[in-house]
Amino acid sequence: DVITRVEKTATPTIDFLVDKRVDNASVGGASDPWLDQTTASPGDTLSYKIDVINQGNTDATNVLITDVLPNYVTYVPGSTKLYYTGNTSGTPLPDGITAAGINIDVPAASQNMRVIVFRAVISTTIPAGTNTLINTGIVPANATNTPPWTMAQDTATVDVFANRGLTITKEAGTSQSGTFADTVVV
């Protein structure tokens with residue numbers, strides 16, 4: 001009798017999970033600074049974090065990561081770093097996460113999550129009132145890769161209250177007696 005052993009090879013897969021978080025770096029003091037939603041003021045510096053996990057069984061190379069900053073938020077040049085197990089100090093990455101994106105390798109089976117951290121500043125000219133700023137971290141789909149992967153994304157939200165303070169308007173006119181009078185409108 002001949003016994004034949006057939007081993008089935010798993011189909012290669014790449015499946016990304018993206019987790020986007022924010023920290024108001026200008027405030028500090030939180031036990032867990034990375035939140036889905038936080039508050040800030042005009043001029044505050046924000047730290048954004050994108051966790052990228054490959055839940056598949058195949059390493060992914062040259063993975064494009066992009067980040068879409070909302071209006072009134074500006075990237076801080078030179079602030080992007082890549083962290084992972086064994087690299088707790090972070091490796092500086094080129095600027096571009098909020099423009100054309102950056103490319104990184106992401107190993108399979110969630111064994112070594114990649115963490116990208118960068119900073120941005122809220123404009124001091126943001127309109128008065130409450131402004132909700134939504135930031136999106138994205139791993140775009142790649143149909144030409146073998147194996148291909150679908151898009152993964154997540155958002156983090158910052159509520160900014162911009163108080164413009166006191167506004168004074170001065171109007172000059174004449175009174176009935178012919179003398180000038182000032183009216184101040186607050």
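It should be emphasised that the depicted structure is a prediction, and the values quoted were computed from it without experimental measurement.
- Using modelled atom types, one side-chain atom of Asn135 and one backbone atom of Val68 make a donor-acceptor pair closer than 3.5 Å.
- Looking at heavy atoms from C-beta onward, Pro127 lies in side-chain contact with Tyr72 at the 4.5 angstrom threshold.
- Ser26 places a side-chain N or O within 3.5 Å of a backbone atom of Thr45 that can act as its donor or acceptor partner.
- The closest donor-acceptor contact from the side chain of Asn142 to the backbone of Pro148 lies at 3.5 Å or more, if one exists at all.
- For Phe16, the ring-ring contact (aromatic ring centres under 6.0 Å, His included) partners two or more places apart in sequence, or in a different chain, are Trp149.
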Donor-acceptor list for residues 89-104 side chains, cut-off 3.5 Å, not counting sequence neighbours:
from, atom 1, to, atom 2, distance (Å)
Thr91, OG1, Asn87, ND2, 2.8
Asp95, OD1, Tyr75, OH, 2.6
Asp95, OD1, Gly78, N, 2.8
Asp95, OD2, Gly78, N, 3.3
Asn103, ND2, Asn62, O, 3.2
Asn103, ND2, Asn62, OD1, 3.3

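- Using a 4.0 Å cut-off between charged side-chain N and carboxylate O, Arg21 and Asp23 make no salt bridge.
- Side-chain heavy atoms closer than 4.5 Å link hydrophobic residues (I, L, V, M, F, W, Y) into clusters, and following such links, possibly through other members, connects Ile65 to Val18.
- Taking all atoms of both residues into account, the shortest heavy-atom contact from Pro42 to Ser123 is CB-O, 3.6 Å.
- One side chain, Asn57 or Thr13, offers a donor N or O that lies under 3.5 Å from an acceptor on the other.
- One hydrophobic cluster, built from ILVMFWY side chains closer than 4.5 Å, holds both Tyr84 and Ile116.
- Residues satisfying the side chain to side chain contact (heavy atoms under 4.5 Å, CB included) criterion with Ala40, sequence neighbours excluded, are Asn24, Asp44, Leu46, Ile122, Val158, Val160.
- Listed here is the closest heavy atom pair of Gly56 and Ala108: O-CB, 3.6 Å.
- Under the 4.5 Å side-chain contact rule for hydrophobic residues, Leu69 and Val121 do not share a cluster.
- Judged by distance alone, with hydrogens and angles left aside, the side-chain atoms of Arg114 form a donor-acceptor pair with the main-chain N or O of Asp105 at under 3.5 Å.
- Screening Asp154, Asp51, Asp67 for a salt bridge (charged side-chain N to carboxylate O under 4.0 Å, His left out) involving Lys20 leaves a single residue, Asp67.
- Distance CG/Asp19 to CG/Asp36: 6.5 Å, rounded to 0.5 Å.
- Within the 4.5 Å cutoff, side-chain heavy atoms of Pro147 are placed close to those of Ile14.
- With contacts defined as side-chain heavy-atom distances shorter than 4.5 Å, the pair Leu17/Asp15 does not qualify.
- No continuous path of hydrophobic side-chain contacts links Val76 to Tyr48 [ILVMFWY only; heavy atoms under 4.5 Å].
- Thr157 and Asp159 share no donor-acceptor pair across their side chains, judged by distance under 3.5 Å alone.
- With hydrophobic clusters built from ILVMFWY side chains whose heavy atoms lie under 4.5 angstrom apart, Ile53 shares a cluster with Val117.
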